[in-house]
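Below is one structure, written out as C-alpha cells, with a few remarks after it.
Here is how names work: the chains are called A, B, and so on, in the same order as the sequence lines, proteins then strands, and each is numbered from 1. Predicted, not measured: the structure shown is a model, and the values here were computed from it.
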Amino acid sequence: MIISSNHYVNLEATLFSGQCFRWISDPPWFYGVISNNLIKIREHPKGIEFFSTPTSETLLKDKIAEYFNLDENLDDIYSCINSDSRINTSIHLFQGMRILTQDPWECLISFICSSASNIKKIRRNIDSLTQYFGNKLYLDQQILNTFPTIQNIVEIDEDILRNLGLGYRSKYIKSTAQTILNQKIKIRTWENLNYQEGLDQLVYFKGIGDKIANCILLFSLNKKEAFPVDRWIEQILRNYYLTKSENKSLKTTASLRLWGMNHFGKYAGYANHYLFHYFRTQNK
DNA sequence: GGTAGACCTGCCGC
DNA sequence: TGCGGCAGGTCTA
C-alpha cells in the first residue's frame with residue numbers, strides 16, 4: 001500500500017540516524033516492527049510503500065503515517081530551523097529525514113539501554129531483549145520479534161537482563177517497569193502532557209536523566225521542542241554556537257538544553273537531530 | 001548548584 | 001593477538 005507524503009521521505013536517514021534501533025536494511029526495502037506488526041517499507045515517488053503482517057495494510061495505514069509523521073510539513077520546519085550554515089548543510093545532506101513517533105514504552109527502554117553505550121551495542125541489547133521475550137514475526141526471509149511488555153519485564157529476574165548483556169542498566173529497566181505497574185502509570189496518557197510535565201514524569205524514573213528524557217519526549221511523545229544534550233551535541237554547541245562566557249557559565253546538561261531550546265525554537269529537536277546526524281557521520 | 005567516581009559490557013584502534 | 005580507552009548517561013556522596 002502506498003501512503004502519499006507532501007515531501008520526500010528519506011528512509012535511510014530517518015531509520016539509521018540513531019532515533020530507533022531495530023530496523024533492518026535490505027535495499028530498497030527496510031524491515032521493522034510497528035505496533036507488533038512486521039513492516040516492509042520503501043520509498044515511493046508519491047511517499048512510501050509498505051506491506052505488513054499480521055495486520056492488514058488498510059488497518060495499519062494511519063499508524064504508519066503517524067509513526068513517520070507524514071502530515072508534518074518538513075518545509076515549514078526547515079524554514080524555522082535553517083538559521084546557520086551547519087544546519088543548512090545538514091538539511092541538504094539529509095533532506096527528508098524525519099523525527100519518528102515511536103511507542104513510548106519501547107523508546108523509554110531503548111534509551112535507558114543507550115546510556116554510556118554505542119549504537120552497535122544498543123542494537124545488540126535490544127535485539128537480545130526482543131529475542132528473549134518477544135513473539136516471532138515472519139515476512140519474506142526476515143524474522144523479527146515483538147517488543148517485551150511491561151509485564152514481561154516485571155516478571156523476570158534482574159540477573160536475566162544482566163545475562164543478556166544489559167549491565168548496570170538492568171536494574172533501571174526492572175525498576176522502571178515495576179514502578180509503572182505498581183503506581184498504575186498510564187503511558188498512553190503521556191502524549192497529552194506538555195513538555196515540562198512529560199520531562200518531570202520521565203526523570204522520576206531511576207536511570208532516566210535529562211538527556212534520555214528529552215530523547216523519549218522527542219522520538220515518541222511528539223515534543224519537537226525537546227533538545228537532548230549528549231556528548232556530541234555538547235561538543236557542537238561549545239565549539240560552534242556558544243560565546244566564551246556562555247561556555248563558562250553553562251555547565252550542566254539541563255542548562256545547555258535550555259540554551260538550545262531557546263536558540264532553535266519550537267523545532268529545536270529537529271535542529272538537534274540534523275546536527276547530531278551530520279556531525280556523527282562526518283566524524284566516522 | 002556543581003563535581004568526581006562508580007557502574008556493565010563490548011567496540012575499536014593501536 | 002592483546003590491551004586499554006571509551007561510548008548517544010545517571011546516580012550517589
message: With a 4.0 Å cutoff (strictly under), does any side-chain N or O of A:R124 reach OP1 or OP2 of B:dC11?
response: yes
- prompt: Would you say a side-chain N or O of A:R169 is under 4.0 Å from OP1 or OP2 of B:dC7?
  reply: no
- prompt: A:S17 pairs by side chain to side chain donor-acceptor pair (under 3.5 Å) with which of A:H277, A:H273, A:E12, A:R98?
  reply: A:H273
- request: May I ask you to verify whether the side chain of A:Y168 and the base of C:dG9 hold a donor-acceptor pair under 3.5 Å?
  value: yes
- prompt: Taking atom types as they are modelled, is there a donor-acceptor pair under 3.5 Å from the base of C:dG8 to the side chain of A:K211?
  reply: yes
statement: note: A:K171, atom NZ; C:dT10, atom C1'; distance rounded to Å ~ 9 Å
- request: Report the distance from atom CG of A:L161 to atom C1' of B:dC8, rounded to the nearest whole Å.
  value: 13 Å
task: Answer yes or no: is there a donor N or O on one side and an acceptor on the other, between the side chain of A:N214 and the main chain of A:V229, under 3.5 Å?
output: no
field: A:S255 side chain vs A:L250 backbone, donor-acceptor pair below 3.5 Å
entry: no
query: Which part of the nucleic acid does A:Q235 contact within heavy-atom distance under 4.0 Å: base, sugar-phosphate only, or nothing?
result: nothing
task: Quick one: the dot-bracket string of DNA chain B, using Watson-Crick and G-U wobble pairs with both distances under 3.5 Å, [ ] for crossing pairs and | for bases paired to another strand.
output: ..|||||.||||||
query: side chain to side chain contact (heavy atoms under 4.5 Å, CB included) between A:Y241 and A:I236: does it pass, once the steps are laid out?
result: CA-CA 7 Å; A:Y241 288 93; A:I236 293 165; 3.9 Å; yes
task: Would you please indicate yes or no on a ring centroid separation below 6.0 angstrom for A:Y67 and A:F50?
output: no
For a quick test of your reading: what N or O donor-acceptor pairs under 3.5 Å do the side chains of residues 262-271 of chain A make, sequence neighbours left out?
residue, atom, partner, partner atom, Å
A:Y270, OH, A:E72, OE1, 3.0
A:Y270, OH, A:I99, N, 3.0

